[in-house]
Amino acid sequence: MVEQPFIRIQDLTKYYKGSSDPAIKSITLDIFKGEIFGLLGPNGAGKTTTISILCGLFPPTEGMITINGLDIKSDLQGIKRIIGVVPQEVALYPTLTAMENLTFFGNMYNLRGKVLREKIMERLIVFGLERFAKKKVDTFSGGMKRRLNLIAGLLHEPKVLFLDEPTVGIDVQSRIVILDYLKALNKQGTTIIYTSHYMEEAENLCSRVAIIDRGSIISIGNPKELVADHPEFKNLENLFLYLTGKELRD
Ligand SMILES: Nc1ncnc2c1ncn2[C@@H]1O[C@H](COP(=O)(O)OP(=O)(O)OP(=O)(O)O)[C@@H](O)[C@H]1O
Ligand SMILES: [Mg+2]
């Protein structure tokens with residue numbers, strides 16, 4: 001039996017208001033259950049636009065998306081119940097404590113009381129934040145904010161997790177904690193779609209990657225196989241630079 005894609009993206013195009021160029025154009029892509037899928041591309045390539053549309057933040061200009069058999073146009077609420085989102089910009093309330101922030105996000109997913117408190121404490125411990133549970137977020141370092149931002153997106157144990165640059169601007173220690181946690185979640189069955197500018201990280205983490213440039217997919221596949229198909233390049237970063245060029249984008 002042929003495996004059905006868990007996420008089906010067909011001919012996705014987005015024109016932002018007032019722009020004559022599409023931010024993404026005709027993106028077609030199937031993602032399968034249990035994958036860690038990487039969306040890679042230079043600044044402005046269309047990664048955040050794609051993730052935002054997949055999460056139902058705004059509709060595409062054209063195109064179709066189904067997640068777990070649900071059409072995003074007719075069943076956005078059903079989709080929202082099974083997805084988690086970790087946005088590129090840290091989305092936390094700076095004047096609330098870590099605990100208050102996570103309680104707020106937990107409540108959004110109908111988690112309450114002792115169950116929620118236990119889930120929060122469990123994750124604060126994993127991410128080395130338990131000592132800071134009652135500290136306001138505006139006193140946190142960048143790495144602490146990123147770790148907390150991640151917890152907020154996965155408290156409700158989503159089947160699919162979208163992460164937009166979850167490891168940007170953090171130290172090696174924070175990066176390892178985050179990547180190990182994502183690997184463990186994936187082992188337990190969570191499908192992960194993530195964007196990154198770190199090619200080595202994506203090469204090691206992802207079952208498949210799509211390289212996006214100027215709104216279109218220009219290459220897709222298992223990262224190790226993509227590199228093996230181009231013996232003239234020794235790693236994904238070199239192949240990425242060859243495919244996308246050295247010109248600055250923003
Ligand atoms: N709200 C918006 N209104 C108008 N244009 C936008 C808007 N958001 C993004 N764009 C444009 O759409 C294109 C894709 O942007 P997007 O943020 O999706 O890229 P990205 O790949 O996430 O880049 P980065 O790596 O810098 O985060 C860019 O040309 C950007 O300028
Ligand atoms: Mg982005």
Side-chain angles (χ1 to χ4, degrees), residues 7 9-29 31 35-65 67 72 76 83-92 142-143 145-150 152-154 160-170 174-175 178-179 182 192-203 205-206 208-221 223 226 235-250:
I7 302 176
I9 303 164
Q10 282 169 301
D11 263 329
L12 209 61
T13 296
K14 173 73 185 176
Y15 284 87
Y16 284 105
K17 227 181 188 162
S19 176
S20 55
D21 292 323
I24 54 170
K25 50 180 183 263
S26 299
I27 289 198
T28 293
L29 175 64
I31 296 171
E35 283 206 85
I36 302 187
F37 193 94
L39 285 175
L40 311 177
N43 289 133
K47 303 179 296 295
T48 298
T49 302
T50 306
I51 293 248
S52 303
I53 295 171
L54 288 174
C55 300
L57 229 58
F58 48 76
T61 311
E62 281 165 37
M64 220 188 85
I65 297 164
I67 300 182
I72 205 163
L76 182 57
I83 67 170
V85 187
V86 180
Q88 180 169 3
E89 303 297 334
V90 170
L92 299 164
K145 284 182 192 156
R146 277 246 157 244
R147 271 145 44 215
L148 194 64
N149 200 42
L150 179 70
L154 49 75
V160 189
L161 188 57
F162 295 101
L163 305 115
D164 200 354
E165 299 193 31
T167 55
V168 75
I170 55 175
S174 276
R175 177 187 297 264
I178 289 180
L179 293 178
L182 293 181
I192 295 174
I193 294 93
Y194 109 118
T195 77
S196 180
H197 288 287
Y198 302 114
M199 295 300 136
E200 199 184 335
E201 178 184 296
E203 195 171 344
L205 189 67
C206 296
R208 284 190 305 148
V209 297
I211 297 176
I212 306 183
D213 197 16
R214 303 180 203 281
S216 299
I217 294 178
I218 54 170
S219 187
I220 184 165
L226 285 179
N235 55 34
L236 190 62
E237 180 159 307
N238 289 359
L239 175 62
F240 177 88
L241 271 174
Y242 167 74
L243 292 172
T244 58
K246 290 189 175 166
E247 180 195 332
L248 291 174
R249 295 310 165 82
D250 56 349

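Owing to the predicted nature of the structure, the values given are computational and were not obtained by experimental measurement. Just follow the structure's listing: the first ligand is 1, and inside any ligand the first atom is 1.
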Is the shortest distance from a heavy atom of [X] to ligand 1 less than 4.0 Å?
X	result
His197	yes
Ser19	no
Lys17	no

**Q.** the Mg ion (ligand 2) to nearest N/O/S of Gln88 below 2.8 Å
**A.** yes
Q.
Is Thr195 close enough to the Mg ion (ligand 2) that one of its N, O or S atoms comes in under 2.8 Å?
A. no
Starting from [atom], locate the nearest protein heavy atom and write down its residue, its atom name and how far away it is, to 0.1 Å.
atom	value
atom 17 (O) of ligand 1	Thr48 CB, 3.7 Å
atom 26 (O) of ligand 1	Asn43 ND2, 2.9 Å
atom 28 (C) of ligand 1	Gly44 O, 3.7 Å
atom 12 (O) of ligand 1	Ala23 CB, 3.3 Å
atom 10 (N) of ligand 1	Tyr16 CE1, 3.3 Å
atom 18 (O) of ligand 1	Thr49 OG1, 2.5 Å
atom 27 (O) of ligand 1	Gln88 NE2, 2.9 Å
atom 25 (O) of ligand 1	Lys47 NZ, 2.7 Å

Q | Thr167 side chain to Tyr194 side chain, donor-acceptor N/O pair below 3.5 angstrom | A | no
Q) Any chance the side chains of Thr48 and Asp164 put a donor and an acceptor closer than 3.5 Å? A) yes
Any donor-acceptor pair under 3.5 Å linking the side chain of [X] with the backbone of [Y]?
X	Y	result
Lys25	Tyr15	no
Asn149	Ala91	yes
Ser52	Leu57	no

Q) Hey, is CD on Gln10 packed in by over 12 heavy atoms from elsewhere, all under 6.0 Å? A) yes
Q: For atom OH of Tyr16, decide whether the heavy atoms of other residues, nucleotides or ligands shown that lie under 6.0 angstrom number more than 12.
A: yes
Q) By number and element, which atoms of ligand 1 are closer than 4.0 Å to a non-hydrogen atom of Ala45? A) 19 (O), 20 (P), 21 (O)
Q | Sub-4.0 Å atoms of ligand 1 with respect to non-hydrogen atoms of Glu165 | A | 25 (O), 27 (O)
Do you know the tightest heavy-atom contact between [X] and [Y]?
X	Y	value
Pro22	Thr13	CB-CG2, 4.3 Å
Phe162	Cys55	CD1-SG, 3.6 Å
Glu203	Asn235	OE1-CB, 3.8 Å

Q. What distance do Ile83 atom CD1 and Leu54 atom CG have between them, rounded to the nearest 0.5 Å?
A. 8.5 Å
Q. Can you find a protein heavy atom under 4.0 Å from atom 31 (O) of ligand 1?
A. no
Q.
With respect to Gly41, determine whether any N or O atom, backbone or side chain, lies less than 3.5 Å from an N or O atom of ligand 1.
A. no
